[in-house]
Structure formats: C-alpha cells, structure tokens
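Numbering of residues begins at 1 and proceeds along the displayed sequence.
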Amino acid sequence: MSTLIIPQDLVPELLPMGDCVDAMAEALGALARGDAVLPLRTMVWMPDKSGLLGTMPGYLGAPKSLGIKVIAYLPGNHGTDRDSHQGAVLLFDTENGDLLAVIDASSITAIRTAAASGLATRLLAREDAGDLAILGSGVQASAHLDAMKTVRKLRRVRVFSRSIEQARNFARHHEKELGLAIEAAGSAEEAARGADLICTATASPEPVLLGDWIAEGAHINAVGACFPKARELDTRAVVKARLFVDRRESALAEAGDFLIPKAEGAIGDDHILGEIGEIAIGRLPGRRSPREITLFKSLGIAVEDLAAAHRIHDRARKLGKGLEVEFGGRRVAYE
C-alpha cells in the first residue's frame, strides 16, 4: 500500500494560512458538537528534564480523520538552527487503517497553532483591531504574524524578544513581505502598551505580559506556555480578560496561565467561558463590546493536527507532491 511522505518544506505550500484558519474552524466546530474523540496528550520526560516525547492521538468526524502526532520537545533547541518541536503526524485511513501519510510535525504545529489564534482573533478581536504586539521572535512569532495579517488589516507591528538583535532580525526579515515597518521594542511593556492585538509566543515560564499594560478592548492570543507551572500572563491579565480556550479539559489539566491564578484564589473554573469551537458554531457569543478584553489560551490539540494533515494529504495527492513509498499492512496469503 502507498504512504505519502511530506517533508517540512512542502507543508507551507500545501497548507496556506487562510486555508488553515478555515480548517481550524471546521475542526474545532466538530469538537464542540461532540464529533471527535480526543484523549489528553501523554508526555514522557527524559530523566534530566531536558526534553520530552509527547503523543497526541485523536479522531475527527469532520473531515473524517484518524491519526496521531508524535513529537519531541527539546527547549535547548531555542536559538539554534533546529526547531524545539521535532516529529511527525501519522494520518490513517478510517475504513481500513492504511497509513495514508507521514507529515513533518514541526511545520504543521507552527501553522495550525497560529491558525487557531487566527480563528480566535477573527471571532473575538474588534473588527478594527490592527495594532499588533508580538512577544517572542521565533517560529511561532513568525507564524502568528502571518495569521494576524490574514484575519485583520495591520497598521502597526511591534516585536519584543529577550535579544534586541533577534527582534531587529525578525523585523528586517518580515517587513518586506508585510509591506509595513516592524518596530523592535526595547521591552515587553513597550511592545504591549496601546496594542489591540497581542500574541505571546515565548518559551518563558514566567509572565512576560502584565495586566497593567493591556489596553481596553484588546484581544490576546497566549500560546507559549503549555505546562501547569508555566505561564506568560500574570494573574491580573487573566482576571481582567474574558477567557476562552481550545479545549476546556486540556486547559483544566495543563494551562498554567489559568491554573496558577486559580491556585491563588483569583479565579475559579467558571472563568473559562467556553471553547473557541463553541463560538464558531454559534453556541456562545464572542466579543460583547468594544471595550472588553478577550483572551484565547491555546494549548494545541490533536484535532487541529488531524484537520491540517487531512488538507495537506488531499492537496498533495491532487498536485502530485510528496514522496510515495510502499509501506506494510497487507496480510501474506498462503496457498
């Protein structure tokens, strides 16, 4: 049987950001309707805690998909020529179990994470939002710039990184494609103040965005912290925002941005107002007024990977892209 191998450099061609935002709306809507099976991800840490192997299996009813993402997370890769996330998404046929595709996971993770934020921004940000602050200058910062310019007309962009030189390099690299000057901010506060769109995409376990800096009417996408004891937003930032998540069960188990303020007694479980998919299907309202602050806390879930992989596989087949190999699975017939 034939399996399609899709390397990292092909994924952006096969999964444009606008298409992926639409795919996230479909997948998260299916999740909200109960048309998905999604166990919590499992993580195996190496003994020295220098990295982990994560597995994210799932089933999605629309588009019908069965698969798993297996990914190694090595934070020591930050600042090197390697992404911190390395792995593959395996996509299986739901009728006979054929392995349809093996797709680079680092590129899928980058695009679908930003696309989920793009969907949240489309649903929650003010229509006129366009003053963007990005905290971080790595893979997710780049992908989020792409997502934000896909769903909103940007008029100003500021980026902050722990290294001002990295922020300047990020600005130089992206200015031409954006057609807009990008400012390298000297501090996170300088970047965030006055912004009506804020994306936190850092590896920091401690808050990089404080509530006192957030302007009235802003929308925030928080994507960097994905462990119970790590957070990018301080307690005040979370308390003053209307909070939505990609999946409630995952946030209650893993989202330090929510769990730490909860442990402090500042908020309860009811501070999570719902899932983005529930807004997408019209079950919940999104933004209620121009003045309120909205927050999307993203952890990344398997149905996002499956929806992205399904689109990549379909488009690769149509365009004749990728490497086709024969992979096992057939029974040996004996005379």
Side-chain angles (χ1 to χ4, degrees), residues 75 78 84 113-114 116-117 120-121 124-126 129 131-138 140-141 144 148 157-164 166-167 183-248 250-276 287 289 291-300:
H78 289 298
S84 59
T113 302
S117 293
T121 302
L124 290 171
R126 295 199 320 253
D131 188 328
L132 171 64
I134 301 177
L135 307 186
S137 59
Q140 277 302 333
H144 272 74
M148 294 303 103
V157 179
R158 283 157 286 173
V159 61
F160 167 74
S161 177
R162 289 176 299 175
S163 162
I164 187 65
Q166 278 185 259
E183 304 166 40
S187 68
E189 181 178 359
E190 181 185 332
R193 280 201 182 273
D196 49 29
L197 293 174
I198 304 173
C199 297
T200 62
T202 75
S204 176
E206 302 293 335
V208 294
L209 178 64
L210 305 189
D212 289 342
W213 306 342
I214 301 170
E216 189 176 80
H219 171 69
I220 306 153
N221 299 302
V223 305
C226 56
F227 302 112
K229 294 184 179 180
R231 60 174 172 170
E232 294 182 297
L233 278 62
D234 74 348
T235 295
R236 177 165 168 73
V238 178
V239 168
K240 70 192 292 188
R242 298 184 68 235
L243 172 61
F244 297 89
V245 297
D246 44 14
R247 188 187 183 213
R248 184 183 294 270
S250 299
L252 291 171
E254 300 175 347
D257 283 297
F258 165 76
L259 291 171
I260 295 171
K262 177 185 172 182
E264 294 172 350
I267 56 175
D269 288 353
D270 60 352
H271 195 67
I272 299 176
L273 298 177
E275 299 176 357
I276 287 297
R287 174 172 290 274
S289 80
R291 300 180 62 181
E292 68 186 9
I293 295 168
T294 54
L295 167 60
F296 172 51
K297 175 54 198 168
S298 167
L299 285 167

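- By the 4.0 Å N-to-carboxylate-O rule, E189 lies too far from R158 to be salt-bridged with it.
- Between P261 and H271, every side-chain heavy-atom pair lies at or beyond the 4.5 Å cut-off.
- Atom CZ of F227 sits about 8.5 Å away from atom CD of E254, to the nearest 0.5 Å.
- The side-chain heavy atoms of I293 and R242, taken from C-beta on, include no pair separated by under 4.5 Å.
- Side-chain contact between F296 and I220 is absent, with no heavy-atom pair separated by less than 4.5 Å.
- Within the model, atoms CD of Q166 and CZ of F160 stand 10.5 Å from one another, a figure rounded to the nearest 0.5 Å.
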Could you please spell out the steps behind the side chain to side chain contact (heavy atoms under 4.5 Å, CB included) verdict for I272 and L252?
CA-CA 9 Å; I272 299 176; L252 291 171; 4.1 Å; yes
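- Interatomic distance, OG of S298 versus CZ of R247, reported as 13.5 Å (0.5 Å rounding).
- Minimum heavy-atom separation, D234 to A237: OD1-N, 2.9 Å.
- For the residue pair T200/N221, the side-chain donor-acceptor check at 3.5 Å is not satisfied.
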Could you walk me through whether K297 and L243 pass the side chain to side chain contact (heavy atoms under 4.5 Å, CB included) test, one step at a time?
CA-CA 7 Å; K297 175 54 198 168; L243 172 61; 3.9 Å; yes
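- To the nearest 0.5 angstrom, L197 atom CG is 11.0 Å from L124 atom CG.
- Under the 4.5 Å side-chain criterion, counting only non-hydrogen atoms from C-beta, P207 is not in contact with E232.
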Criterion side chain to side chain contact (heavy atoms under 4.5 Å, CB included) on D246 and L299, from CA distance to verdict:
CA-CA 7 Å; D246 44 14; L299 285 167; 4.1 Å; yes
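- Side-chain atoms of T294 and R287 form a donor-acceptor pair, as typed in the model, at a separation below 3.5 Å.
- Counting only heavy atoms from C-beta outward, the side chains of S117 and V223 approach each other to under 4.5 Å.
- Atom CZ of R162 has 12 or fewer neighbouring heavy atoms from other residues, nucleotides or ligands inside a 6.0 Å radius.
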Side chain to side chain contact (heavy atoms under 4.5 Å, CB included), that's the test. Do D212 and R236 meet it? Break it down for me.
CA-CA 7 Å; D212 289 342; R236 177 165 168 73; 2.6 Å; yes
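- Side-chain contact check for R248 versus D269: every heavy-atom pair is 4.5 Å or farther apart.
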